[in-house]
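Letters A, B, ... mirror the listed sequences (proteins, then strands); counts begin at 1. What you see is a predicted model; the values in this text were computed from it and never measured.
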There are 2 protein chains.
Amino acid sequence: MKLLPEKTVERLSQYRRVLQRELASGTEHIYSHELAKLLHITPVQVRRDIMLIGHSGTLRRGYNIADLIDLIGIIIDCSGQQKVAIIGIGDLGRALLNYLQGSRTKLQLSAVFDNNPDKIGTLYGGILCHNVEHLKKIIKRENVTIAILSVPPAYAVEIANKLTEAGILGILNYTPVSLDVKGAFLEQYDVITSLEKVAYFAKPVNAAIMHQEE
Amino acid sequence: MKLLPEKTVERLSQYRRVLQRELASGTEHIYSHELAKLLHITPVQVRRDIMLIGHSGTLRRGYNIADLIDLIGIIIDCSGQQKVAIIGIGDLGRALLNYLQGSRTKLQLSAVFDNNPDKIGTLYGGILCHNVEHLKKIIKRENVTIAILSVPPAYAVEIANKLTEAGILGILNYTPVSLDVKGAFLEQYDVITSLEKVAYFAKPVNAAIMHQEE
DNA sequence: AATTTAATGTTATATGAATAACAGTAATAG
DNA sequence: CTATTACTGTTATTCATATAACATTAAATT
Ligand SMILES: NC(=O)c1ccc[n+]([C@@H]2O[C@H](COP(=O)([O-])OP(=O)(O)OC[C@H]3O[C@@H](n4cnc5c(N)ncnc54)[C@H](O)[C@@H]3O)[C@@H](O)[C@H]2O)c1
Ligand SMILES: NC(=O)c1ccc[n+]([C@@H]2O[C@H](COP(=O)([O-])OP(=O)(O)OC[C@H]3O[C@@H](n4cnc5c(N)ncnc54)[C@H](O)[C@@H]3O)[C@@H](O)[C@H]2O)c1
């Protein structure tokens, strides 16, 4: 079995979100061009992604929404088997926690860590904040496979090392520190990089070039 | 003049960040392999990016850090000419504001908008929060070119439309709503998509495949 | 029953990005 | 003063992704 392309996986996540909305509103089937429109992409892209995950639609009714949601769940998150931890529950960490808990993702947030004595022992969204000193122990014990890193930059490398030692399988790094982890999938995201990219393409002279090309 | 590749622009942003640190610590020149190491990429990638922006290093001393920082500034943000606004100053908006103000980006955050009467008129990081009803007027008057969108999902499309009508050139969209804007560069980012992507590649069976391939 | 239609499924091509290969050069060592 | 070294700069290739072209099929229409 071959791995799916990264971009396809990203879109599967988005397909699922809008499909959940459609299902909730009573729709049972959806055409590729309808799904495409909801995400502002092309129908071909949708069909190709769905082909890659081995699902089939019916010719005159499109795809069965419930089936597709289930299949995406099996592919992405084992339908609720994977556990997530947030390390560093400051401004960003709390914003992320609220957002995740308000969403329908099947990933279960099951631990939070910090080093601030005022935070340790308190509940965040119903989840107990642990002392980061017990990070390795708890990650192993609870079988957490994914970590969201939102500690101050100075601690990023140290925590990342502890996470890999604890056997973590995926890290989503929001610190502006480039990490190099072995044995785990690493995703880095930084607002400033994103914003400066927007700035470049939004510069009037560049915006003009982009526009004329369309 | 041709546009730079998106990925190159992203890396330029990251080069600048680490170069600013290096410069602050007294270093004047840097080799491609040193810069590469700081970001865990290859030296070839660094040289290629630098070639694309038309900069040259000296053969035995590498690149002049100050010059490179200046050039990246000219390319990305016109060295402080572009202005940024945040729409929706809730949990996420405030986390972003703090982060941007604590950074060295040359993009100047110069307006904040919300629709909550308790927030309108108060200062966030020294910046006055305006009533979102005056969005178009103020964006035009202040010549804001870039907007960060962090309002509740239900308002995303409406605000995006107002932004483009106001002549915005770039939008960084953090709402989980797929937008379709014309005349502006759009960048969308969603934590859940990122996290579910990590979940897929972190699934034990997939992690095994990834590892064996290296 | 044959034909048209409107959808899906698959293969081929084009584009974008990263990597690799190689060419060029100034300082240094012999 | 020639050869070596350790870099930078450019071109070629490979790999990933998106797009486009084409093939297929079940229902609806005539
Ligand atoms: N990637 C982005 O887009 C983005 C946006 C905003 C902030 N950030 C980054 O995210 C991180 C957090 O930002 P923030 O605004 O929430 O900062 P913050 O200071 O509000 O929160 C940091 C939290 O980490 C805790 N902490 C400190 N040291 C720790 C340790 N060793 N172990 C565990 N917890 C520890 C602190 O007690 C605090 O609760 C920073 O690195 C910041 O630069 C990134
Ligand atoms: N992309 C991500 O990774 C990510 C992460 C967290 C949250 N989010 C999204 O970002 C958005 C904000 O999240 P949050 O946690 O800060 O929510 P929040 O409720 O804390 O903040 C929303 C803010 O927008 C304001 N607002 C509401 N309607 C408005 C309008 N019409 N015009 C202007 N302001 C308005 C509210 O008063 C509030 O201050 C939501 O869409 C959320 O889903 C995205």
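- Counting to the nearest Å, the C1' atom of D:dC7 and the CD1 atom of B:I30 are 14 Å from each other.
- Sparse packing is recorded around CZ of A:R61, with 12 or fewer heavy atoms of other residues, nucleotides or ligands lying under 6.0 Å away.
- If you take CD of B:E10 and C1' of C:dA17, they are 12 Å apart, rounded to a whole angstrom.
- Note that the NZ atom of B:K203 and the SG atom of A:C78 stand 4.5 Å from one another [nearest 0.5 Å].
- Atom NZ of B:K37 is surrounded by 12 or fewer heavy atoms from other residues, nucleotides or ligands within 6.0 Å.
- Taking every side-chain heavy atom of B:S32 into account, D:dT8 is the closest of D:dT17, C:dA17, D:dT8.
- The terminal axes of the helix from C:dA1-D:dT30 to C:dG30-D:dC1, fitted over 5 pairs per end, subtend an angle of 20° to the nearest 10°.
- By the 6.0 Å contact criterion, OH on B:Y124 is enclosed, its count of non-hydrogen atoms from other residues, nucleotides or ligands being greater than 12.
- To the nearest 0.5 Å, atom CD1 of residue A:I168 and atom CG of residue A:L186 are 12.0 Å apart.
- Regarding A:K197, its NZ atom lies at a distance of 13 Å from the C1' atom of C:dA17, rounded to whole Å.
- Side-chain contact between B:Q81 and B:T145 is absent, with no heavy-atom pair separated by less than 4.5 Å.
- Between A:I87 and the choices A:I171, A:L135, A:N115, the side chain to side chain contact (heavy atoms under 4.5 Å, CB included) rule is met once, by A:L135.
- For A:E165, the CD atom sits in a packed shell: over 12 heavy atoms of surrounding residues, nucleotides or ligands are nearer than 6.0 Å.
- Per the geometry, CD belonging to A:E6 stands 12 Å off P belonging to C:dA18, to the nearest Å.
- OP1 or OP2 of D:dT8 has not a single side-chain nitrogen or oxygen of B:S56 nearer than 4.0 Å.
- For A:Y155, the OH atom counts as loosely surrounded, since its 6.0 Å shell holds 12 or fewer non-hydrogen atoms of other residues, nucleotides or ligands.
- Rounding to whole angstrom units, CG of residue B:N64 and C1' of D:dT8 are separated by 15 Å.
- The nearest whole Å value for the distance from the CG atom in B:L68 to the C1' atom in D:dT8 is 13 Å.
- Here D:dG9 presents its P atom at 12 Å from CG of B:L52, a figure rounded to the nearest Å.
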Could you please spell out the steps behind the side-chain hydrogen bond (donor to acceptor under 3.5 Å, both in side chains) verdict for B:Q82 and B:D77? CA-CA 6 Å; B:Q82 299 211 69; B:D77 47 32; over 6 Å; no
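- Between the C1' atom of C:dA7 and the NE2 atom of A:H55 lies a distance of 14 Å, rounded to the nearest Å.
- Of the side-chain N and O atoms in B:R11, one or more sit less than 4.0 angstrom from OP1 or OP2 of C:dA18.
- The residue A:T8 sits apart from the nucleic acid: no heavy atom pair falls under 4.0 Å.
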Between protein and nucleotides 25-27 of chain C, what N or O pairs are separated by less than 3.5 Å?
none

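- Using a 4.5 Å cut-off on side-chain heavy atoms (C-beta onward), B:L3 and A:M210 make contact.
- Interface residues of residues 33-51 of chain B facing DNA chain D, ordered by number: B:H33, B:R47, B:R48, B:M51; criterion, heavy-atom separation under 4.0 Å.
- Here A:R11 pairs with A:D49 in a salt bridge; the nearest charged N to carboxylate O distance falls below 4.0 Å.
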